[in-house]
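Take a look at the structure below.
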Amino acid sequence: MITETITSSLKKALEDLGVSHLPSEINLEQPANKDHGDWSSNIALATAKNAGWSPRDLASEIAELINSDLPNGVENVTIAGPGFINFALSPQWLHDVLQTVLDQGTEEFGKVDVGQGRKVNVEFVSANPTGPLHAGHARGACYGDSIASILDAVGYEVEREFYVNDRGLQMGLFAESLLAFQSGKDVPEGGYGGAYVEAWSHEMPNNLSVHEALDWGCQYAMEDQRRTLEMIGIVFDTWFSERSMVESGAIEQTMKDLSEKEASYSQNGATWLRSTDYGDDKDRVLVKSDGEFTYLTPDVTYHREKFSRADWLINVWGADHHGYIARMKAAMESLGHDPEQLTVAITQLVKLVRSGEEVRLSKRQGDIIELREIVEEIGPDATRFMYLLQSVDTKQTFDLDLAASKVMDNPVFYVQMAHARIRSIQSKAEAMSMWPVEGLDIDLSLLEHERELEVLKNLFNFPDVVQLSARELAPHKIAVWLRELATSVHGFYHDCYVVGDTVPPELSAARLQLVEAARIGLVSGLDLLGVSAPDSM
RNA sequence: GCCCUCGUAGCUCAGUAGGAUAGAGCGACCGCCUCCUAAGCGGUAGGUCACAGGUUCGAUUCCUGUCGAGGGCGCCA
């Protein structure tokens, strides 16, 4: 690859000049400014001081050495600014990129093997089975599914998991609320009064015990949530039941083990986790003085169970749960697990805006905005793309009008449109028997238009973007890259006619190759976000 | 009081394992269709990267502090 050629030429020049103390890796970057060449190195700036040179002199010597024996594909080397070394390349390297993309196709392009088959468990959504999924669940749902896809692409063995809180106080209240609605009584204190509870209660068979109503309600809610998630293409491998850990005795076992490791103690009639031993602010109650578990205890058991199935655990939690991280890590550490192998990704809140006004999510009134409503309003693709467009570290303002609009302002349509245009070109070429191209000699060196090279540069970046988004668990980097690729595709489309009377057949053939590579790029990126690539808009 | 995530163009947001003149979309203004989707392309205007120190050849990026926004600090989940 060309970048390796450049770095080895830099290394050789540095050796020839007697510069030691090289950094472990020589980094190259693509300068924003085209006057600075195709690739740039700051190695002279980084090493000059130790070597006793001025950065600019060192850069100048390096450039002279490389210029005297230019590596294949490099046209010239110049220095600029405080001591940057800039490489101008012939377009050949981009034609190589094109060929690689075509050879790899959508199955391979952008995939690498940094995970090496290690098992990662991504737990997300995990909403209580006491009602439909609402807007607040959506960001974590889209995010969790996308990072799972990205980790899969970089070689991890991924399990998507939903933790079902099918026992405990909330479930009891939910069951009683269903029964109350069914028999026309008042909802119990702290119960669920939403309109959906009343609607569901009419579906429920009569004369159920509280226990039976709980089972029924849990199943009904899970089924409702599963269908909603399916609407946006999210399918879980595992739905893990909290209750199953009571029945199997796993929770009791965990209590016993914590006690044996002296990670827990009794005080004031309750059992406490000694979480301050591992950096938590205060110790936490595991078993209340009334004998009931707190929510923490099954959850600790659950995480421990997950560790028996995976090498790396990722939890996607909302910002309101961040205070919970320390105690969970402390619990895992006291049970002998490495807290570094538990990653908690926090998603900040989303503010929904419609007609320029914030959509209030008032759960107390029961008038929650259901995720289903959003998907029905704007469609699954817009739902996923809009949620993933932005870093989950920042509060998001989600404009429902924009997401629903079928105009260029809408990023998802902009990207999908690029794909639709490509398919349009391909079907036209197909009708003229120019595509697919078979067995012909295709001269990719005909591709030297600025717009063509721009598309190829973006394609070149994709594997790095995938790795970076995996390392940082940041799907928005994929979304941003897709917008850039789409921009270059629209520019190419505008300035470079592919199939037509005015285009020489050899150029058409070469451009059709580029079009196919761009298609592979768009499909590959969209796939990681769970967004479709339609043939027409 | 302590902890977490933020503060970048009028708006919505990228960018930062330290790099050259800080980017995109929208909105505003000005151009571009006999031909593959004008659902597009190009250009102009718009910034003390919240503020103040520090480290560095170089800081929007790293460190400290201040201010501002949201979230968290339960024998609730």
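What's counted below: heavy atoms across the whole structure, side chains too, no hydrogens, waters or symmetry copies. Chain letters run A, B, ... following the sequence lines, proteins first, then strands; residues in each count from 1. As the structure is a computational prediction, the values presented were derived from the model and not from experiment.
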Ignoring hydrogens and angles, does a donor from either the side chain of A:N86 or the base of B:A20 sit under 3.5 Å from an acceptor on the other? yes
Given B:C36, B:C75, B:G19, which nucleotide is nearest the side-chain atoms of A:P82? B:G19
By nearest atom, which of the nucleotides B:G71, B:C36, B:C76 is closest to the A:D320 side chain? B:G71
When you check the glycosidic angle of B:C32, does it come out syn, meaning within 90° of 0, or anti? anti
State which residue, out of A:T301, A:T297, A:L286, fulfils the side-chain contact (heavy atoms from CB on, under 4.5 Å) condition with A:L258. A:L286
If you look at every strand shown and take non-hydrogen atoms under 4.0 Å, does A:H36 touch a base, only sugar-phosphate, or nothing? base
Contact class for A:N268 vs. all strands (heavy atom < 4.0 Å): base, sugar-phosphate, or nothing? base
Does the structure show a Watson-Crick or G-U wobble partner for B:G68, both distances under 3.5 Å? Name it, or say none. B:C6
Taking the same atom, P, in B:A52 and in B:C67, what whole-Å distance lies between them? 15 Å
Can you tell me, in whole Å, how much space there is between the C1' of B:A14 and that of B:C26? 14 Å
With the side chain defined as heavy atoms from C-beta on, A:K395 is closest, among B:G19, B:A14, B:A69, to B:A69
Of all the nucleotides listed (B:C75, B:A20, B:C13), which has the minimum atom distance to the side chain of A:W272? B:C75
Would you kindly give the CD-to-P distance between A:Q348 and B:G70, to the nearest whole Å? 12 Å
Starting from P on B:C35, measure out to CZ on A:R421 and report it in whole angstrom. 13 Å
Polar contact flag, side-chain donor to acceptor under 3.5 angstrom, A:D283-A:Y265: yes
Can you tell me how far C1' in B:U5 sits from the matching atom in B:A39, rounded to whole Å? 36 Å
pair_partner(B:G25), Watson-Crick or wobble, both distances < 3.5 Å, evaluates to B:C11
Does OP1 or OP2 of B:A77 have a side-chain N or O of A:Q170 closer than 4.0 Å? no
Could you report the tightest heavy-atom contact between A:V415 and A:F385, atom names first, then the distance? CG2-CZ, 4.0 Å
Do you know which two heavy atoms are closest between A:Q467 and A:V114, and how far apart they sit? OE1-CG1, 4.0 Å
When the P atoms of B:C29 and B:A59 are compared, how many Å lie between them, rounded to an integer? 39 Å
Side chain of A:Y295 only, heavy atoms from C-beta on: which candidate in B:C35, B:G70, B:C76 is closest? B:C76
Name the nucleic acid region contacted by A:R167, choosing base, sugar-phosphate or nothing; use a 4.0 angstrom heavy-atom cut-off, strictly under. nothing
Specify the closest pair of heavy atoms between A:C496 and A:R511, including all atoms of both residues, with the distance to one decimal. CB-CZ, 3.5 Å
Between A:H490 and A:Y414, is there a donor-acceptor pair closer than 3.5 Å when you use the side chain of the first and the backbone of the second? yes
Mind checking who B:G19 pairs with, Watson-Crick or G-U wobble, both distances under 3.5 Å? B:C57
Check: B:U12 base within 3.5 Å donor-acceptor of A:D399 side chain: no
Parallel, tilted or perpendicular, as decided by the 30° and 60° cut-offs, for the rings of A:Y324 and A:H321: perpendicular
A:S427 near the nucleic acid: base, sugar-phosphate alone, or nothing, with a heavy-atom cut-off under 4.0 Å? nothing
Between B:C13, B:C36, B:A20, spot the one nearest the side chain of A:S40, thanks. B:A20
By centroid distance (under 5.5 Å) and plane angle (under 30°), are A:F84 and B:A20 in a stacked arrangement? yes
Length of the line joining A:N33:CG and B:A22:C1', which is rounded to integer Å: 13 Å
In whole angstroms, the gap separating C1' of B:C76 from CG of A:N165 amounts to 13 Å
Could you tell me whether the side chains of A:D57 and A:S60 share a donor-acceptor contact shorter than 3.5 Å? no
Of the listed nucleotides (B:A14, B:C41, B:A20), which one gets closest to any side-chain atom of A:H494? B:C41
Roughly how far apart, to the nearest Å, are B:A9 and B:G23 at atom P? 14 Å
Gap in Å between the two P atoms, one belonging to B:C11 and one to B:G53, rounded: 26 Å
Is it true that A:Y302 and A:Y163 have ring centroids separated by less than 6.0 Å? yes
Which part of the nucleic acid, if any, lies within contact of A:L45, taking any heavy atom under 4.0 Å across all strands shown: a base, the sugar-phosphate backbone alone, or nothing? base
Return the value, rounded to whole Å, for the distance between atom OH of A:Y387 and atom P of B:C13. 13 Å
In B/S/- notation (B base, S sugar-phosphate only, - none; protein heavy atoms under 4.0 Å), nucleotides 24-30 of chain B written 5' to 3' is --S----
In whole angstroms, how far is the C1' atom of B:G71 from the CH2 atom of A:W317? 15 Å
Between A:Y192 and A:Q170: side-chain donor-acceptor atoms closer than 3.5 Å: yes
Using the P atoms only, state how far B:C51 lies from B:U44, rounded to an integer number of Å. 27 Å
Looking only at non-hydrogen atoms, find the nearest pair between A:M537 and A:F413 and report the distance. CE-CD2, 3.1 Å
At under 4.0 Å between heavy atoms, what does A:Q396 touch on the DNA or RNA strands: base, sugar-phosphate, or nothing? sugar-phosphate
Which nucleotide, B:G71, B:U5, B:A14, lies nearest any side-chain atom of A:H322? B:G71
Could you tell me whether A:V498 contacts a base, only the sugar-phosphate backbone, or nothing, with contacts defined as non-hydrogen atoms closer than 4.0 Å? base
Should A:K288 be listed as having a side-chain N or O under 4.0 Å from OP1 or OP2 of B:G74? no
For the pair made of CZ in A:R327 and C1' in B:C73, what is the distance, rounded to whole Å? 8 Å
A:S289 (side chain) and B:C75 (base): donor-acceptor pair under 3.5 Å: yes
Is there a donor-acceptor contact under 3.5 Å from the side chain of A:N315 to the main chain of A:W317? no
Out of B:A38, B:C41, B:C76, minimum distance to the side chain of A:Y493 belongs to B:A38
P atoms of B:C2 and B:U64, separation to the nearest Å: 14 Å
Regarding A:I346, tell me which of base, sugar-phosphate or nothing describes its non-hydrogen contacts under 4.0 Å with the strands shown. nothing
Quick one: is the NZ or CZ of A:R451 closer than 6.0 Å to the six-membered ring centre of A:F492, and within 45° of its axis? no
Got a sec? Which of residues 471-479 of chain A come in under 4.0 Å of RNA chain B, heavy atoms? A:H476, A:K477
Does the ring centre of A:F87 sit less than 6.0 Å away from the ring centre of A:W39? no
When you get a sec, tell me which of B:A77, B:C73, B:C75 is the closest nucleotide to the side chain of A:R284? B:C73
A:D35 CG to B:U21 P, straight-line distance once rounded to whole Å: 13 Å
